[in-house]
Trainee: 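The following block contains the structure, expressed as structure tokens.
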Amino acid sequence: MENAKMLIGGELVSAESGTRFAVTAPATGAVLAEVPRAGAIDVNRAVNAAARGFEDWYRLRPAEREAALLRAAELVAREGHARFLDTLIDESGSTISKARGEIAYTVDLLRTAAGEARRLYGETFPNDDPQRISMVFREPLGVVAVVSPYNAPLSLLTKMCAFPLAAGNSLVIKPSEETPLTALAFGQLLLDAGVPPAAVSVVTGYGAECGAELINHPRVRCIALTGSTQTGIAVGQSALGKMRRMQLELGGKSALLVLRDADPRQAAKIAAQGIFTHAGQICMANSRIVVEREIYQPFITALKAEAESLYLGDLRDERTVYGPLINARAVEKVLEHVREAIDGGAELLTGGEQLAGLVVKPTVLLEPPRNSRAWREESFGPVTSVVAADDLDQAIEFANDSEYGLSAAVLTHNLQWGLHAARRIASGAVHVGMHTFQSNALAPIGGVGLSGMGRSGGHYSTEEFTEVKWISADVGSLPR
Ligand code: NAD
């Protein structure tokens, strides 16, 4: 076990208070490291550094910011496995394939974001006064507080950092207390790639102390949070009280619709991938499945077989589909949701038990009560609920029976039905012919309702992390 330090203004430092907390491996319970438990003084240092770093970074030419992000992408492509693979597996309980996937997506995100550095487009608009011209500039905001979750600690953090950086902002990162080691390695990588040391700091600590200090710091101009809806509401209320810009990517309860023309076996395979990848600890996981009655029976038979065939072994074994949940609280929450649904009348198709350690069996509930937490709330574990619908209209109605709206999907070969459903489902994204868990560095990722506000990815991030400014000038009489 080592004592890690945090990264403030390019220096590796301990917390001013000298306190630390342990980071444990969910798969084994082993302590991987102790990291500084940052408080107000540390956060203040990091934000002040970032305020200075903003000047260094924003004044670089767009091509220089682009080059630094491209160098970061190349570093991840070359050294990503050495720098991140073991940490991702040990710290977040990722399987080796999920960890590799995160590293590959990180390269893609950094390359995509690099291009955005040159695309801070403005505009002009006509003025009735012929002597004046009006221009609109897009400018970075300043210090962005990046508060990130544990489930995809590298790729999500990259998305949250690379686009605001491309636009010229500086960052103070507060990673999840479960996964600070990945974030510290990522912060170091950005500095190695040539981002000025003051422009990126990583403070490690708990949400309610370090996180709260950061989002309330007077010099923070914008808050980018990916996390639970509960945290999003608390952070959003604080941010609004100080008129901060915010971009909130929160929880989901995504519905997968299986229409009557789908092949039940293929649909079950896709549905299982969409919920059981990373043990369902994915915001877009299809934790609700709505099936047209005509194929309900063959579909649930196939889904049961699929769930029961999943290999759950060592995280470094290529065959392992998923590993442990992040901690004992997460296991307890999932099992509570399952128990409550069964008590309310749901049928347990399969699963519902804890295996060794923090691993929960692939679990499928049938027809849970519509007021149960298994149907209404995010379980964030390997559990999904299946309900039958009489027809497409009712399937859409059931999909919309949620306060969340992050992603949805429709399995059908009939594109017309698929697009009809896609237009009517209230969600930030709807995918036809695949499951709900889809990523793309250019796509506008984000949700409606309790799933958050704002979008990230490609130029949508640029819009979130910049402010438009109207500049007008008296230019005298126009040339004839
Ligand atoms: P969480 O809400 O517990 O924590 C997220 C981050 O917020 C952590 O860094 C935490 O320390 C910090 N935090 C907590 N309370 C805070 C406070 N009062 N002030 C400031 N910071 C605070 O979420 P988690 O358990 O780490 O992650 C899982 C959640 O994230 C799930 O709900 C999942 O759906 C969501 N998520 C959403 C997306 C998306 O794109 N919409 C992506 C990934 C994860």
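As the structure lists them, so they are numbered: ligands from 1, and atoms in each ligand from 1. Here the structure is a predicted model, which is why all the values come from computation and not from measurement.
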Trainee: Does Gly447 have a heavy atom less than 4.0 Å from any atom of ligand 1?
Mentor: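 Checking ligand 1 against Gly447, which is what was asked, there is no heavy-atom contact under 4.0 Å.
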Trainee: Counting heavy atoms only, which of Leu248, Ile223, Thr231 is nearest atom 14 (C) of ligand 1?
Mentor: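 Closest candidate by heavy-atom distance is Thr231.
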Trainee: Look at atom 40 (O) of ligand 1 and say which protein heavy atom is nearest, naming residue and atom and giving the distance to 0.1 Å.
Mentor: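 For atom 40 (O) of ligand 1, the nearest protein heavy atom is Glu249 OE1, 2.9 Å.
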Trainee: Could you tell me if any non-hydrogen atom of Pro175 lies under 4.0 Å from any atom of ligand 1?
Mentor: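 Flag set, Pro175 near ligand 1.
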Trainee: Name the closest protein heavy atom to atom 20 (C) of ligand 1, giving the residue it belongs to and the distance to 0.1 Å.
Mentor: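 The protein heavy atom lying closest is Gly211 C, 3.3 Å.
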Trainee: Nearest heavy atom to atom 30 (O) of ligand 1: which of Pro180, Gly227, Ala145 does it belong to?
Mentor: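 Minimum heavy-atom distance to atom 30 (O) of ligand 1 goes to Gly227.
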Trainee: Indicate the ring-plane relationship of Phe21 and Tyr206, choosing parallel, tilted or perpendicular according to the 30° and 60° boundaries.
Mentor: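 If you compare the ring of Phe21 with that of Tyr206, the planes turn out tilted.
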Trainee: Between Arg100 and Phe84, is NZ or CZ placed under 6.0 angstrom from the six-membered ring centre and within 45° of the ring axis?
Mentor: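 No, Arg100 does not lie over the aromatic ring of Phe84.
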Trainee: Pick, from Cys283, Ala183, Ala208, Gly205, the option with the minimum heavy-atom distance to atom 38 (C) of ligand 1.
Mentor: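 Closest candidate by heavy-atom distance is Cys283.
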Trainee: Could you go through Asn3 and Arg20, starting from their C-alpha distance and side-chain angles, then the distance that decides it, and tell me whether this counts as side chain to side chain contact (heavy atoms under 4.5 Å, CB included)?
Mentor: CA-CA 9 Å; Asn3 277 343; Arg20 293 191 292 267; 3.4 Å; yes
Trainee: Verify whether one side chain among Glu340 and Ser372 offers a donor that lies under 3.5 Å from an acceptor in the other.
Mentor: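 Not at all, the side chains of Glu340 and Ser372 share no donor-acceptor pair under 3.5 Å.
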Trainee: Judged by non-hydrogen atoms, does Leu225 sit under 4.0 Å from ligand 1?
Mentor: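 Leu225 counts as a contact of ligand 1 under the 4.0 Å cut-off.
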Trainee: Which atoms from ligand 1 have a heavy atom of Ser228 less than 4.0 Å away?
Mentor: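 In order of numbering, the contacting atoms are 1 (P), 2 (O), 23 (O), 29 (C), 30 (O), 32 (O).
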Trainee: With a 4.5 Å limit on heavy-atom distance, are the side chains of Asn327 and Glu178 in contact?
Mentor: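 In contact.
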Trainee: At under 4.0 Å between heavy atoms, is it the side chain or the backbone of Val235 that contacts ligand 1, or both, or neither?
Mentor: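 Near ligand 1, Val235 shows its side chain, while the N, CA, C and O stay back.
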Trainee: Name the option, out of Ser451, Gly428, Ser176, Pro149, that contains the heavy atom nearest to atom 27 (O) of ligand 1.
Mentor: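 The option holding the nearest heavy atom is Pro149.
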Trainee: For atom 10 (C) of ligand 1, what is the closest protein heavy atom, and at what distance to 0.1 Å?
Mentor: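 Result for atom 10 (C) of ligand 1: Glu177 OE1, 3.5 Å.
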Trainee: Is Ala212 close enough to touch ligand 1? Criterion: a residue heavy atom under 4.0 Å from a ligand atom.
Mentor: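 Yes, Ala212 has heavy atoms under 4.0 Å from ligand 1.
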Trainee: Of all heavy-atom pairs between Gly9 and Ala49, which one has the smallest distance, and what is that distance?
Mentor: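 Heavy atoms only, the tightest pair is CA-CB, 3.9 Å.
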Trainee: Using side-chain heavy atoms (C-beta onward) and a distance below 4.5 Å, is Met6 in contact with Val35?
Mentor: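 Result no, sub-4.5 Å side-chain heavy-atom pair not found.
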Trainee: Is Arg37 paired with Glu209 through a side-chain N to carboxylate O contact shorter than 4.0 Å?
Mentor: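 Result for this pair is yes, salt bridge flagged.
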Trainee: Quick one, Val430 and Val410 - any side-chain contact, counting heavy atoms below 4.5 Å?
Mentor: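 Touching, per the 4.5 Å side-chain cut-off.
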Trainee: Which one holds for Ser148 and ligand 1: side chain close, backbone close, both close, or neither close, with close meaning a heavy atom under 4.0 Å?
Mentor: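 Just the backbone.
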Trainee: Would you mind listing which atoms of ligand 1 come within a distance below 4.0 Å of any non-hydrogen atom of Thr226?
Mentor: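 Answer, ordered by atom number: 5 (C), 36 (N), 37 (C), 38 (C), 39 (C), 42 (C), 43 (C), 44 (C).
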Trainee: Could you check atom 34 (O) of ligand 1 against the protein and tell me its nearest heavy-atom contact, residue, atom and distance included?
Mentor: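 Going by distance alone, atom 34 (O) of ligand 1 is nearest to Glu378 OE2, 2.5 Å.
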Trainee: Flag the pair Glu378 and Lys253 as a salt bridge only when some basic side-chain nitrogen lies within less than 4.0 angstrom of an acidic carboxylate oxygen.
Mentor: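 Salt bridge between Glu378 and Lys253, a charged N being under 4.0 Å from a carboxylate O: no.
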Trainee: With atom 12 (C) of ligand 1 as the reference point, say which of Thr229, Val147, Leu406 has the nearest heavy atom.
Mentor: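 Nearest heavy atom to atom 12 (C) of ligand 1 lies in Val147.
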Trainee: Looking at Asn151, which atoms of ligand 1 are within less than 4.0 Å of one of its heavy atoms?
Mentor: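 Per the distance check, 43 (C), 44 (C).
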Trainee: Should Arg119 and Glu116 count as an ion pair when the cut-off is N to O under 4.0 Å?
Mentor: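 Result for this pair is yes, salt bridge flagged.
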Trainee: Report yes if some N/O of Leu250 lies less than 3.5 Å from some N/O of ligand 1; otherwise report no.
Mentor: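 Yes, at least one N or O pair falls under 3.5 Å.
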Trainee: Looking at Arg288 and Asp401, does any basic side-chain N land under 4.0 Å from a carboxylate oxygen?
Mentor: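 Looking at Asp401 together with Arg288, the answer is no, because their closest N to O distance does not fall below 4.0 Å.
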Trainee: Which atoms of ligand 1 are found less than 4.0 Å from any heavy atom of Leu156?
Mentor: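 Listed by number with element: 42 (C), 43 (C).
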Trainee: Please walk me through it: do Leu325 and Val360 pass side chain to side chain contact (heavy atoms under 4.5 Å, CB included)?
Mentor: CA-CA 8 Å; Leu325 296 186; Val360 173; 4.0 Å; yes
Trainee: Just to be sure I'm reading this right: ignoring hydrogens, which of Phe380, Tyr404, Tyr150 gets closest to atom 26 (O) of ligand 1? Compare them by their nearest heavy atoms.
Mentor: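 It is Tyr150 that holds the nearest heavy atom.
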Trainee: Looking only at protein heavy atoms, which one is nearest to atom 22 (C) of ligand 1, and how far off is it?
Mentor: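 In this structure, atom 22 (C) of ligand 1 has Gly207 CA, 3.5 Å as its nearest protein heavy atom.
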